[in-house]
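The residues of the chain are indexed from 1 along the displayed sequence. Hydrogens, waters and symmetry mates play no part in the numbers below; they use all other heavy atoms, side chains included. Just so it is clear, the model here is predicted, and its values are computed rather than measured.
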Amino acid sequence: PMAMIESMAVGAPVMSTHCISGPLEILSNQSDYSVEIKDLFLGEFGALIPKCDGKEYTSNDEITKEEKIMANAIIQLLSNKEQLEIYKTKSKERALDFSLENCINNYSKIIENLSK
């Protein structure tokens, strides 16, 4: 997640594969771990694609469904200049939520609540 946030801080539009935690929360501000991404998902701050199956393939193998989704998603986003500009702007805004000051404040609130 840090590489994603660092990229967002400089205004890079971000596309990530989905996993149990991290990208969904960062790119869409959702924390429902039961969400399953089966196709291109356009979040408020970036795009998510389904995770690949984790198997090793060679250049002789057919590309997988997930790889096709990823390729089409990249083409779709590169073709949509308006969406790319929105993601560039939103990326910078979202990265500020993970600034050192915000993280310290959030940890302080957690510690305060634990000590009550």
(message) I'd like to know if Ile86 and Val14 are part of one continuous hydrophobic network [Ile/Leu/Val/Met/Phe/Trp/Tyr, side-chain heavy atoms within less than 4.5 Å].
(response) no
(message) Are Ile49 and Ile37 packed together at the side-chain level, in the sense that at least one heavy-atom pair is separated by less than 4.5 angstrom?
(response) no
(request) Compare all side-chain heavy atoms of Leu24 with those of Leu48 and state whether any distance is below 4.5 angstrom. (result) yes
(request) Side-chain contact test, heavy atoms from C-beta onward, threshold under 4.5 Å: evaluate it for Cys19 versus Lys51 and give yes or no. (result) no
(request) Would you check if the side chain of Ser115 reaches a backbone N or O of Glu112 as a donor-acceptor pair within less than 3.5 Å? (result) yes
(request) Check whether any side-chain heavy atom of Leu42 lies under 4.5 Å from a side-chain heavy atom of Leu77, and answer yes or no. (result) yes
(message) Would the distance check show the side chain of Asp39 and the main-chain N or O of Ile69 forming a donor-acceptor pair, the cut-off being under 3.5 Å?
(response) no
(request) Heavy atoms only: give me the nearest Glu44-Lys90 pair and the separation to one decimal. (result) OE2-NZ, 3.4 Å
(message) Tell me whether Ile20 at atom CD1 has more than 12 heavy atoms from other residues, nucleotides or ligands lying less than 6.0 Å away.
(response) no
(request) Drop me the distance from Lys109's NZ to Asn113's CG, to the nearest 0.5 angstrom. (result) 9.5 Å
(message) Nearest 0.5 angstrom please: Leu27 CG to Met4 CE, how far?
(response) 5.0 Å
(message) How long is the straight-line distance from CZ of Phe98 back to CG of Asn106, given to the nearest 0.5 Å?
(response) 9.5 Å
(message) Please find the pair of heavy atoms, one from Lys81 and one from Leu78, that lie closest to each other, and give the distance.
(response) NZ-O, 3.3 Å
(request) Measure the OG-CE distance between Ser16 and Met70 for me, rounded to the nearest 0.5 Å. (result) 11.0 Å
(message) I need the His18 NE2 to Lys38 NZ distance, nearest 0.5 Å.
(response) 11.0 Å
(request) Going by the side chain to side chain donor-acceptor pair (under 3.5 Å) test, name the single residue among Asp61, Asn60, Asp53 that passes it with Tyr57. (result) Asp53
(message) According to a hydrophobic-cluster definition based on side-chain heavy atoms being under 4.5 Å apart (Ile, Leu, Val, Met, Phe, Trp, Tyr only), do Phe45 and Leu96 belong together?
(response) no
(request) Inspect the contact between Lys88 and Glu85 and indicate whether a charged nitrogen and a carboxylate oxygen are less than 4.0 angstrom apart. (result) yes
(message) Are Phe41 and Ile74 linked, directly or through intermediate hydrophobic residues, by side-chain heavy-atom contacts shorter than 4.5 Å (ILVMFWY only)?
(response) no
(request) Please round to the nearest 0.5 Å and tell me the distance separating atom CD1 of Ile5 and atom OG of Ser91. (result) 11.0 Å
(message) Are the side chains of Met8 and Ile26 in contact, using a 4.5 Å heavy-atom criterion?
(response) yes
